[in-house]
Amino acid sequence: MMKLILEKCIACKLCEKACLFGGIRIENKIPILTDLCTNCGACIDVCKVGAIESAGTKKGPVHNIELYKDVFVIAEQHEGVLQPVTLELLGKARELANIRGAAVSAILIGDDVRNLSDRLIQHGADRVFVAEAKFLNYYRTLPYERIISGIIEEHKPEVVLVGATTFGRDLAPRIANRFRTGLTADCTGLEISDDGLLLQTRPAFGGNIMATITTPSHRPQMSTVRPGVMASNSFSKRKGEIVNISAVEADGDGLVEILSRVKKEKKGVLLEKAEVIVSGGRGTGDPKNFKMLEDLASLFSGQVGASRAVVDLGWIGHDHQVGQTGKTVKPRIYFACGISGAVQHLAGMQSSDIVIAINKDPQAPIFQMAHFCLIGDMHKIVPELISQFQKNS
Ligand SMILES: Cc1cc2nc3c(=O)[nH]c(=O)nc-3n(C[C@H](O)[C@H](O)[C@H](O)COP(=O)(O)OP(=O)(O)OC[C@H]3O[C@@H](n4cnc5c(N)ncnc54)[C@H](O)[C@@H]3O)c2cc1C
């Protein structure tokens, strides 16, 4: 904690300006620490008269880390349908919890959703907290955040995982803010150290580097993960505990009222569900050459994907784009044809089961992660593949 030495303070307000959190204020020429102080020490660094000292370690843990254990997943369901990202998060949560010798819990909220608990348990949860009520039938930020935060407050998980969906992107920052903890959005990789530090990897600086972010002093450690990045696991005959959470409407829950719901029609390319994707990059050479990629994809009832370079060139629609600013896919087979393998492209397809890369440059980065590397001109290789697959089908 910070210690103020009032007799030294000259009320210059440098500390107030240096504090990013509103943790210190000068009122009537007297410095006051507020609840928002994070103990970061920025005010000590700028104070020229030594009026602020750290009463403890300058950058010690802010929360009592020892109290926090287990991995929690916030389940996402809409109208009683569990979203696949929840099962993927449970797969990763199980892996992290096993390393920590901890348990996995899922938080499930809605109206008449208890029947989904078994599926959560089957996919890795040891315990499911279920809050059911009519007023929770559709997601609304305030009541969902209030109820979930109550469960987190009581059970103190070490890690909380949420899908990087519209639901998770709205909910997770609210919860993180409530606990004054960190949140790493859109993670593509999660690992945990033996002492419980979550290593959260995500593209940073416009996607030019992969950064690993940690939350050393605050708990819980919170991450959102895009759908399709982690693998789900189903364990047959698992048993788990179901914990009922009483859900009562509170003042303020009704600040946002849902008047009507309009379902967006799902049109176009369903890359996320495709088992085989044949993607083309700048090496495709011309928009008309995407026809051969369609022909290859159609042999497997697959879909055509693309790099951003060709989308930007207008050769194919954005619906087809795979990558950081496109779709995240996880097919059984991903063909990368004339694609160099930029980190932003890999961010969207690196979880594919098998990657077959076709590139005329043997040094192309895509070859570093591909399972099968076909070095040569795609305009010769792709037609040859089509003819061989047709012969053997
Ligand atoms: C913030 C940000 C977000 C981004 N988001 C995405 C994203 O979501 N998805 C994405 O894809 N990119 C994204 N990018 C762009 C990314 O950095 C690359 O520029 C892009 O992926 C390159 O596309 P490409 O591989 O098709 O083209 P290039 O990098 O130009 O590679 C073309 C490849 O084709 C090969 N080639 C050429 N001719 C042939 C041939 N006849 N036969 C075989 N191989 C051939 C070449 O050897 C080369 O390796 C993003 C960039 C930024 C900064």
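Side-chain atoms are counted along with the backbone in the values below, which use heavy atoms only and exclude waters and symmetry mates. We count ligands from 1, going down the list as the structure has it; atoms in each ligand are counted the same way.
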A.B. asks: Given side chain to side chain donor-acceptor pair (under 3.5 Å), test Q122 with S234 step by step and report yes or no.
C.D. replies: CA-CA 6 Å; Q122 198 193 348; S234 181; 3.2 Å; yes

A.B. asks: May I ask you to identify, for I381, whether its side chain, its backbone, both or neither come under 4.0 Å of ligand 1 on a heavy-atom basis?
C.D. replies: neither

A.B. asks: How long is the straight-line distance from CG of L82 back to OG of S117, given to the nearest 0.5 Å?
C.D. replies: 9.5 Å

A.B. asks: At a non-hydrogen distance cut-off of under 4.0 Å, which region of S307 contacts ligand 1 (side chain, backbone, both, or neither)?
C.D. replies: both

A.B. asks: Quick one: salt bridge (charged side-chain N to carboxylate O under 4.0 Å, His left out) pairs with a partner in residues 153-167, sequence neighbours left out?
C.D. replies: R100-E158, E153-K156

A.B. asks: Is it the case that the side chain of D70 and the backbone of P157 share a donor-acceptor pair, with hydrogens and angles ignored and the cut-off at 3.5 Å?
C.D. replies: no

A.B. asks: Say whether, by atom type as modelled, one donor and one acceptor occur between the side chain of E275 and the main chain of R332 under 3.5 angstrom.
C.D. replies: no

A.B. asks: Return the option from P362, G348, S340 holding the heavy atom at the smallest distance from atom 31 (O) of ligand 1.
C.D. replies: S340

A.B. asks: Measuring from atom 11 (O) of ligand 1, which candidate in Q324, R282, H379, H345 has the nearest non-hydrogen atom?
C.D. replies: H345

A.B. asks: Does G281 reach ligand 1 with a nitrogen or oxygen that is under 3.5 Å from one of the ligand's nitrogen or oxygen atoms?
C.D. replies: no

A.B. asks: Looking at R226 and V85, would you say the former's side chain and the latter's main chain have a donor-acceptor pair under 3.5 Å?
C.D. replies: no

A.B. asks: Strictly under 4.0 Å, does any heavy atom of G285 approach an atom of ligand 1?
C.D. replies: no

A.B. asks: Look at atom 9 (N) of ligand 1 and find which of D361, T325, V322 reaches it with the closest heavy atom.
C.D. replies: V322

A.B. asks: Which atoms from ligand 1 have a heavy atom of G326 less than 4.0 Å away?
C.D. replies: 8 (O)

A.B. asks: Please check if the side chain of E145 supplies one atom and the backbone of I175 the other of a donor-acceptor pair under 3.5 Å.
C.D. replies: no

A.B. asks: Quick one: which ligand 1 atoms are inside 4.0 Å of a heavy atom on D377?
C.D. replies: 40 (C), 41 (N), 42 (N)

A.B. asks: For A306 and ligand 1, does the shortest N/O to N/O distance drop below 3.5 Å?
C.D. replies: no

A.B. asks: Show which side-chain atoms of residues 348-355 pair as donor or acceptor with protein atoms under 3.5 Å away, not counting sequence neighbours.
C.D. replies:
from	atom 1	to	atom 2	distance (Å)
S351	OG	V229	O	2.8
S352	OG	M349	O	2.6

A.B. asks: Polar-atom distance check: V310 versus ligand 1, any N or O pair below 3.5 Å?
C.D. replies: no

